[in-house]
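Computation of the quantities below employed the complete heavy-atom set of this structure, encompassing side-chain atoms and omitting hydrogens, waters and symmetry-equivalent molecules. Just so it is clear, the structure is predicted and the values come from calculations on it, not from any experiment.
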Amino acid sequence: MSETSPKLRAELEGIPTYKPGKPAAAGGPVAYKLSSNENPYPPLPGVMETVTAAACNFNRYPDMACTGLMNELSERFGVPLSHLATGTGSVGVAQQLVQATSGPGDEVIYAWRSFEAYPIITQISGATSVQVPLTPGDVHDLDAMAEAITDRTRLIFVCTPNNPTGTVVKRAELERFLDRVPGDVLVVLDEAYREFIRDPEVPDGVELYRERPNVCVLRTFSKAYGLAGLRVGFAIAHEPVAAALRKTAVPFGVSQLAQEAAIASLRAEDELLGRVGSLVCERARVVEALRAQGWTVPETQANFVWLRLGERTVDFAAACEQAGVVIRPFPGEGVRVTIGETEGNDIFLKAAEAFRKDV
C-alpha cells in the first residue's frame, strides 16, 4: 500500500475553523442559548403547516431555480428576476460571490473583527484577505478600507449591522465610500440583520444597489424570519453578478422545504414585524441595563450586543454558562450575546452584574 496521500490545494492549509455558537448542554445547567443570534420565536404562522405538507415530497429533488421563491422576492423588493440569486443561507451566497470574483492573486477587503466566515471563504478561493481594523468604537473604518483598495482588489464586504459588534454604517459615509470604489470592484452589503435596524440614518442596501452596478446586497431568512435550520438566503445584484451567482450555486442546494418556508414567511410579514419589534424593545432594555451596570456597549442595531472584554473574555463566558446562559466568546477580544427570551436575558444581566462586581 502506498504511503503517499492525495495532493490537496495548498490554500486549504491554515484555514481558520468556523466556530458555531455553543449549544445548551443536554442535562446541564445551561437553560438558554444566546450564542448564535437565532430568533427565539417559533416559525411564523402558516410556516409549519407549509413545511409539513412539503415534507411529503422530499423523495423528489427541489426546484433548482427556486421559481416560487424568486417570484415572491422579485415582487417583494421590486427587482427583476434576473437580479436575484438564492443559496444556502447568506453565507452560502457570500461564498459563491468570492468564487465568482476572486482567485489566487486577488484580494478581498473586509473589516475586522467582522463575520468570521469571510476569511474562511476567501482562503478557500485562493484569494488574499485584507483585514481593516474597526475604529476604537467598533465601527467600520470606511476611509481606511477605501485606502486599502489596490489593482488586485476584486471584492469588498461591508457587514452592516456588523457581526459581532452590532454597529452600522450610516448613509452619508457609505455613499462617500462607494463613490471612491472603482466600478470594477464588487461591494457586497451584507445585511443579514437588516430587519432589526431602527436608525433612520442607515440606508437600505437595496436602494443603493439600484443606481450602482457594482453593489450587491445579501439577505437571509435565518435571523428575523427564524429559518436558521433550513438554510436559505439570497442576493440582489445587477444581472452579470446575479448570473454568476446562479452559475456558482450548488445544484439543488436550497431544499424545497426551505423554499416553501421562505415563501410562507414572506407572506406573514405583519406577524414578523411584530416579533422583530418586541426583540428591538428587549434589545433596548438589555443595553440600558448593561450601561447602568457600568459596561461600555456599542450602539447595536442587530439582535445582539457586544462587550469588549479582552483577556477576561473566556472567564466571562464561563461565568454566564455557570449562571445558565451560553454566549459567544471571541477569546482575547469580547463576547457577543444574542437578545433571546426575556428570562434568558435576565439571567445574562444578573451574571454580567455579578461578574463586574467581582472584577
Side-chain angles (χ1 to χ4, degrees), residues 18-24 30-41 89-91 111-118 134 137-140 158-169 190-199 202 218-228 233 272 275-291 293 295-309 313 316-317 319-321 323-331 333-352 355:
Y18 185 92
K19 296 179 181 178
K22 186 177 180 181
V30 174
Y32 293 95
K33 181 186 177 189
L34 305 180
S35 57
S36 294
N37 298 342
E38 296 158 332
N39 190 322
Y41 290 103
S90 58
V91 66
W112 198 253
R113 173 170 290 275
S114 192
F115 184 32
E116 62 187 301
Y118 296 156
L134 297 170
D138 290 313
V139 177
H140 277 60
V158 177
C159 188
T160 179
N162 185 47
N163 178 9
T165 63
T167 54
V168 290
V169 175
D190 189 345
E191 297 185 333
Y193 302 93
R194 170 68 204 173
E195 292 82 3
F196 299 100
I197 295 175
R198 292 297 180 271
D199 186 338
V202 179
L218 285 184
R219 297 283 179 90
T220 184
F221 286 92
S222 296
K223 308 303 181 186
Y225 286 92
L227 301 183
L272 169 80
R275 292 181 177 188
V276 169
S278 296
L279 287 171
V280 168
C281 289
E282 187 67 0
R283 177 182 75 192
R285 183 181 76 88
V286 170
V287 169
E288 182 179 357
L290 287 170
R291 288 176 175 166
Q293 293 174 12
W295 294 97
T296 298
V297 187
E299 190 65 42
T300 177
Q301 291 290 313
N303 67 330
F304 53 84
V305 296
W306 170 253
L307 299 179
R308 188 167 286 282
L309 286 142
T313 294
F316 181 81
C320 288
E321 185 167 348
V325 292
V326 60
I327 63 177
R328 177 67 170 89
F330 296 83
E333 297 178 67
V335 297
R336 186 193 68 200
V337 186
T338 306
I339 303 300
E341 300 89 338
T342 302
E343 297 81 2
N345 298 333
D346 286 341
I347 293 172
F348 161 67
L349 288 171
K350 289 179 182 178
F355 186 87

Would you please classify the geometry between the Trp295 ring and the Phe355 ring as parallel, tilted or perpendicular, with 30° and 60° separating the classes? parallel
Minimum-distance pair of heavy atoms, taken over all atoms of Leu34 and Gly344: CD1-O, 3.9 Å
Side chains of Phe348 and Val335: does their closest heavy-atom pair fall under 4.5 Å? no
Value for CZ (Arg219) from CZ (Phe221), rounded to nearest 0.5 Å, stands at 10.5 Å
Side-chain touch Arg283/Asn345, heavy atoms, less than 4.5 angstrom: no
Taking side chain as C-beta onward, heavy atoms only, is Val158 less than 4.5 Å from His140? yes
For Ile339 and Pro40, which heavy atoms make the closest approach, and how far apart are they? O-CD, 4.3 Å
Please report the interatomic distance CD(Glu333) to CG(Asp138), rounded to the nearest 0.5 Å. 9.5 Å
Close side-chain approach of Arg113 to Thr165, heavy-atom, < 4.5 Å: no
Determine whether Arg285 and Leu349 make a side-chain contact, defined as any pair of heavy atoms from C-beta on separated by less than 4.5 Å. yes
Is the backbone N or O of Gly334 less than 3.5 Å from a side-chain atom of Thr313, with the two atoms forming a donor-acceptor pair by type? yes
Of all heavy-atom pairs between Lys223 and Asn39, which one has the smallest distance, and what is that distance? O-CB, 3.2 Å
To the nearest 0.5 angstrom, please state how far the OG1 atom of Thr296 sits from the CG atom of Leu309. 10.0 Å
Salt-bridged, Arg291 to Glu288, with N to O below 4.0 Å? no
Is the closest side-chain heavy-atom distance between Pro161 and Ile197 below 4.5 Å? yes
In Å and rounded to the nearest 0.5 Å, what is the CZ to CD distance from Arg275 to Glu195? 13.5 Å
Under a 3.5 Å threshold, yes or no: a donor from one side chain and an acceptor from the other, between Thr167 and Asn162? no
Ring-plane angle category for Phe196 and Tyr193, please: parallel below 30°, perpendicular beyond 60°, tilted otherwise. tilted
Shortest non-hydrogen pair, Ile327 vs Arg336, comes out as CB-O, 3.9 Å
Between Asn37 and Arg328, is any pair of side-chain heavy atoms under 4.5 Å apart? no
Taking the side chain as everything from C-beta on, heavy atoms only, tell me whether Pro164 gets closer than 4.5 Å to Glu116. no
Taking all heavy atoms of Val202 and all of Val169, pick out the closest pair and write down the distance. CG1-O, 3.9 Å
Got a second to check how far Tyr32's OH is from Glu341's CD, nearest 0.5 Å? 6.0 Å
Nearest heavy-atom contact between Pro298 and Gly137 is CB-O, 4.3 Å
